[in-house]
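Worksheet: one structure, shown below.
Note that the structure is a prediction, hence the values are computed from the model and not measured. Side chains included, hydrogens not; waters and symmetry mates left out as well; all remaining heavy atoms used.
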Amino acid sequence: MSVVKLLCTTLGKATGLLTVLIVVIAAFLKYFDDPDPVKFTSMADDMKTLEENFRQQNKSCFILGASGETGRVLLQELLERNIFSKITLIGRRQLTFEDKAYENLVQEVVDFEKLDDYAAAFQGHNVGYCCLGTTRAKAGADGFIRVDHDYVLKSAELAKAGGCTQFHLESSRGADKNSGFLYLKVKGQVEADIEALGFDRYAIYRPGVLLVERQESRPTEWLARKFFSAFSAVCSTSMSIPIQVVGKAMVSNTLLQPEQKTEILENKDITSLGKSAGK
């Protein structure tokens, strides 16, 4: 057999295997796909009006986790759309910003181990956003539970006591308090515990793999992002989402008035809202 013929045969087999692999992956993702998303029709046309009406109410908000990937995008989106008269960042350290757009931010530095001593930082806000979180690899199992459950829940309790009526929580796809996986179990448990606090409005966001280049190095997440970034280019999937879309959806959803007090936005819902809202 000639070298050329052998090469062609090898390439043909490789192409066939790749095709089968793509079909299998597509079927797998389709099986675990989210239900059809909520329809947000004509949202872009109405958003400017909703923003203006909301802006006139002179409301304030706070953000937990503004130093993280989602928190940074959310903050930027809030500043660009200018719907709050006051934005407060609550965190364990002072953040530094160079752009003048950030100069009017209020920053409250707290010790999350002694949050009761910082109750004043959570008073007087109409809306709260929580993007606080860590990983088991970074903080260990106990540290992960302390941050993603205890810190988050205590912050929500103080916010509720301080007059906050609307709370937005970034959770995770697959969150379930009955899950056998620690990450999903903790996420599901804190969702349920915050719901029990009885906010007038409570929105839970369950994004898939966040498509973003993290400043921190997390090899497993890096591989997952690379895979889903490539796959989403040729096939829509509920397993991943650009982080900018999450930020847009959280801000746009703040302006809406759903019928139910508690709402859960799965990955496709977040994508639909984030992309349809426009600017």
* Residue from V246, N253, T271, I204 passing side-chain contact (heavy atoms from CB on, under 4.5 Å) with L265 ->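 Output: one option passes, namely N253.
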**Asked** Only one of L169, L153, I194 forms a side-chain contact (heavy atoms from CB on, under 4.5 Å) with C130, so which one is it?
**Response**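 By the side-chain contact (heavy atoms from CB on, under 4.5 Å) criterion, C130 pairs with just one of L169, L153, I194: L169.
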Measuring from [X]:[atom1] to [Y]:[atom2], what's the distance to the nearest 0.5 Å?
X	Y	atom1	atom2	result
Q166	H125	CD	NE2	14.0 Å
Y205	L74	OH	CG	9.0 Å
K275	I270	NZ	CD1	12.5 Å
E103	E98	CD	CD	13.5 Å
C61	I83	SG	CD1	7.5 Å

Please check this pair: side chain of [X] against backbone of [Y], looking for a donor-acceptor N/O pair closer than 3.5 Å.
X	Y	value
N104	K86	no
N126	S60	yes
S172	R206	no
K177	K185	no
Q107	L95	yes
S272	K268	no

Which atoms form the tightest heavy-atom contact between [X] and [Y], and what is the distance?
X	Y	answer
G208	R173	CA-CB, 4.0 Å
R55	R81	NH2-O, 2.8 Å
C164	G128	SG-N, 3.5 Å
F54	V127	CZ-CG2, 4.5 Å
V245	I241	CG1-CD1, 3.9 Å
Q260	T262	CG-O, 2.9 Å

Hydrophobic clusters here meaning ILVMFWY residues chained together by side-chain heavy-atom distances under 4.5 Å, can you tell me if [X] and [Y] are in one?
X	Y	value
V190	Y202	yes
V147	L158	yes
L89	Y118	no
V209	L184	no
L255	I63	yes

For a 4.5 angstrom cut-off between non-hydrogen side-chain atoms, does [X] reach [Y]?
X	Y	result
V110	Y151	no
L75	L105	yes
L182	I145	yes
L210	E69	no
K154	D116	yes
D111	D117	no
S155	I90	no

For this session: Answer yes or no: does atom CZ of R201 have more than 12 heavy-atom neighbours from other residues, nucleotides or ligands under 6.0 Å?
Result: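 Yes, the 6.0 Å shell around CZ holds more than 12 heavy atoms from other groups.
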Inset, instruction - For the pair Y183 and F144, name the ring-plane relationship: parallel under 30°, tilted 30 to 60°, perpendicular over 60°. - result: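 Ring orientation, 0 to 90° scale: parallel.
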Intermediate values then yes/no, side chain to side chain contact (heavy atoms under 4.5 Å, CB included), V152 and L64
CA-CA 9 Å; V152 171; L64 287 164; over 6 Å; no
For a salt bridge (Lys or Arg N to Asp or Glu O under 4.0 Å) check, start with the C-alpha distance between K261 and E195, then their side-chain angles and the critical distance, and finish with the verdict.
CA-CA 9 Å; K261 293 180 63 174; E195 182 176 10; over 6 Å; no
(Q) Can you list everything that forms a ring-ring contact (aromatic ring centres under 6.0 Å, His included) with F97? Sequence neighbours excluded, please. (A)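 F97 satisfies ring-ring contact (aromatic ring centres under 6.0 Å, His included) with Y102 once adjacent residues are dropped.
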### Task
Tell me yes or no: between the side chains of S67 and R92, is some donor less than 3.5 Å from an acceptor?
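Not at all, the side chains of S67 and R92 share no donor-acceptor pair under 3.5 Å.
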- Answer yes if the side chains of T254 and Y129 hold a donor-acceptor pair under 3.5 Å, and no otherwise.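 There is such a pair between these side chains.
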Query - Counterpart residues, salt bridge (charged side-chain N to carboxylate O under 4.0 Å, His left out), relative to D99 (two or more places apart) - result: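 Testing D99 for salt bridge (charged side-chain N to carboxylate O under 4.0 Å, His left out), a comparison that skips the adjacent residues, returns none.
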Exercise. L256 and L273: side chain to side chain contact (heavy atoms under 4.5 Å, CB included), yes or no, with the steps?
Worked result: CA-CA 11 Å; L256 305 180; L273 177 55; 4.3 Å; yes
